[in-house]
Amino acid sequence: MSSLISRRSFLKAGLITAGTAAAAGTGLASAIRAADGPKTELCTLLDLNKCIGCEECVRACREINGHKFPEPEGPPPIMRPVERVKTADWSSPEKRTVTDRLTPYNWLFIQRARGEYQGQSFELNIPRRCMHCHNAPCSKLCPFGAAYQLRNGIVRIHPDVCMGGAKCKTICPWNIPERQSGVGLHLDLLPQYAGNGVMYKCDRCYDRVAEGRLPACIEVCPESVQEIGPRNEIVQKARDLAGKTSGFIYGLEENGGTHTIYVSPVPFDVLNQALRKGPGRPQLQPVENVMADANRWIGALAIAPAAGVIGALARFKQTAGQTQKKEDKPS
Amino acid sequence: MKPHQANRLSEWLYLAAMAVAFFTGFGNMPLYQRYYVTDLPGFGWAANFMINVEVHYMAGAVLLALAAYFIVSWIFLRKEGLRLSQTGRIRAIVLGLALLTGLAMAVKNLSGVVYPLPLLIAMNFLHMSLAVCYLLLALGCRIARAPWLRKNQR
């Protein structure tokens, strides 16, 4: 799709028509429609009992999605103000090979958890990537519409629209998206003063899914750790599996519900303690619905016009009453 | 409340809500932290995108209420021979569209509502461009002392 809309063509069309006509008239609309897939929300179930940490999924993800990875044409520009804006360059040959955390070139990694639970030691491997939230704050609050959700629940960041401001990373409860500086639309605008590259993360192989194929990580897994299907079916399977194995569920309620559900034999608070966390290595804590507070204000937006109408009617009724009184008063 | 007091109150509410809406609107882009705005005393909250969006909604609610208030008032005032001036009409259309696109963006943020990418981009850019257009128009009209209303000459 990147070849269908270059940065320049998007910019040109967007500025001329403020987006509307451009979006309908270029290849953008048809390309997205084609990739939009079925309306059914797809969800994945990851059975952590099965994962042996072989990293076949990691390799397949890198191979299949390699053509989507950033290819900077030179070093990133010096960002201003220098002391405030950090560039992130993962494009060197050494950095591109990093597989033990999320990077713009590694959208899935295996997070290892070792510890003790109920007197027994455990060692679990957890495939980590974007959770593809049901009401993803990254897609809801991206100021440019670069992060967006497909009808099948996949959350994507469009590399031709993203400015690399990393708001998506800041508001993501797991801080999943990773920045590559020196690429993207901002280079054509004010490269040093606005934007800072492009944010990258798992797109659940949206292009393969649109063709009715499985995401690469699911297809290659020798242990069938993951399965994908309609969310209601996967939720039921997760509950059944957790019931059968006395397991614990993560991702069902987190951030108001996600399209990635883990079932583990060890509680997630114990797993979270055992994880190596930090940049590119997300946590496994319970997560409140990030959008809930903001969305409560929708009620105020709905009521506001009615309040205005009532206020105006009251004012003019009062004015009419005062005029009437004046007229009734004998001079 | 006397009519002139109501006018004064609505004007102050309009100016305050506009200022807050513009500040939080620009704050939806990751600019304030980069450009030290959040370092200013009392502006630390602007670094929090979620607070920013909530305050933006509050200002939006006040502006929607005022828009409805002024539309109804305008209907009454028409009977008294007052009409929207040329610049008043342009401002009303631009502001109305900015509010409507803002509402559409708020609806988009609800759980289960998914806009296709072209519509999403269009809404983002329309809302932003209309708001900036209105800001420039409003400032221009204030400097030129162009009134919203005029007396019907016929």
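A, B, ... follow the sequence lines: proteins, then strands. Residue 1 opens every chain. Treat the numbers as computed from the prediction; the structure is a model and nothing was measured. Keep in mind that the numbers below use all heavy atoms, side chains included, and drop hydrogens, waters and symmetry copies.
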A/Ile78 CD1: over 12 foreign heavy atoms closer than 6.0 Å: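 It does not: A/Ile78 CD1 has 12 such atoms or fewer within range.
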
Contact origin within [X] toward chain B - heavy atom pairs under 4.5 Å:
{"X": "A/Ile171", "result": "side chain"}
{"X": "A/Val309", "result": "both"}
{"X": "A/Ala136", "result": "neither"}
{"X": "A/Cys142", "result": "backbone"}

Give a yes or no on whether the backbone of [Y] and the side-chain of [X] come within a donor-acceptor separation of less than 3.5 Å.
{"X": "A/Arg84", "Y": "B/Gln33", "result": "yes"}
{"X": "A/Lys167", "Y": "B/Asn28", "result": "yes"}
{"X": "B/Asn109", "Y": "A/Leu141", "result": "no"}

Proximal component of B/Met50, with respect to chain A [non-hydrogen, under 4.5 Å]: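 For B/Met50, the contact with chain A is made by the side chain alone.
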
From CG (B/Leu117) to OH (A/Tyr148), nearest 0.5 Å: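 Interatomic distance, B/Leu117 CG to A/Tyr148 OH, rounded to 0.5 Å: 5.0 Å.
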
As an exercise: rank [options] by heavy-atom pairs under 4.5 Å with chain B and give me the winner.
{"options": "A/Ala307, A/Ala194, A/Gly256", "answer": "A/Ala194"}
{"options": "A/Lys140, A/Met291, A/Met163", "answer": "A/Lys140"}
{"options": "A/Ala314, A/Ala302, A/Ala306, A/Pro143", "answer": "A/Pro143"}
{"options": "A/Arg296, A/Arg80, A/Met79", "answer": "A/Arg80"}

Chain A contacts, top residue of B/Ala68, B/Ala65, B/Gly102 (heavy-atom pairs, under 4.5 Å):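 That would be B/Ala65.
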
Among B/Pro30, B/Ala67, B/Ser10, B/Ser73, residue most engaged with chain A (heavy-atom pairs, under 4.5 Å):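 Most heavy-atom pairs under 4.5 Å with chain A: B/Ser73.
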
Aromatic plane relationship, A/Phe316 with B/Phe76 - under 30° parallel, 30 to 60° tilted, over 60° perpendicular: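 Aromatic pair B/Phe76/A/Phe316 classed parallel.
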
Flag for A/Arg315-B/Tyr69: side-chain donor and acceptor within less than 3.5 Å: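 There is such a pair between these side chains.
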
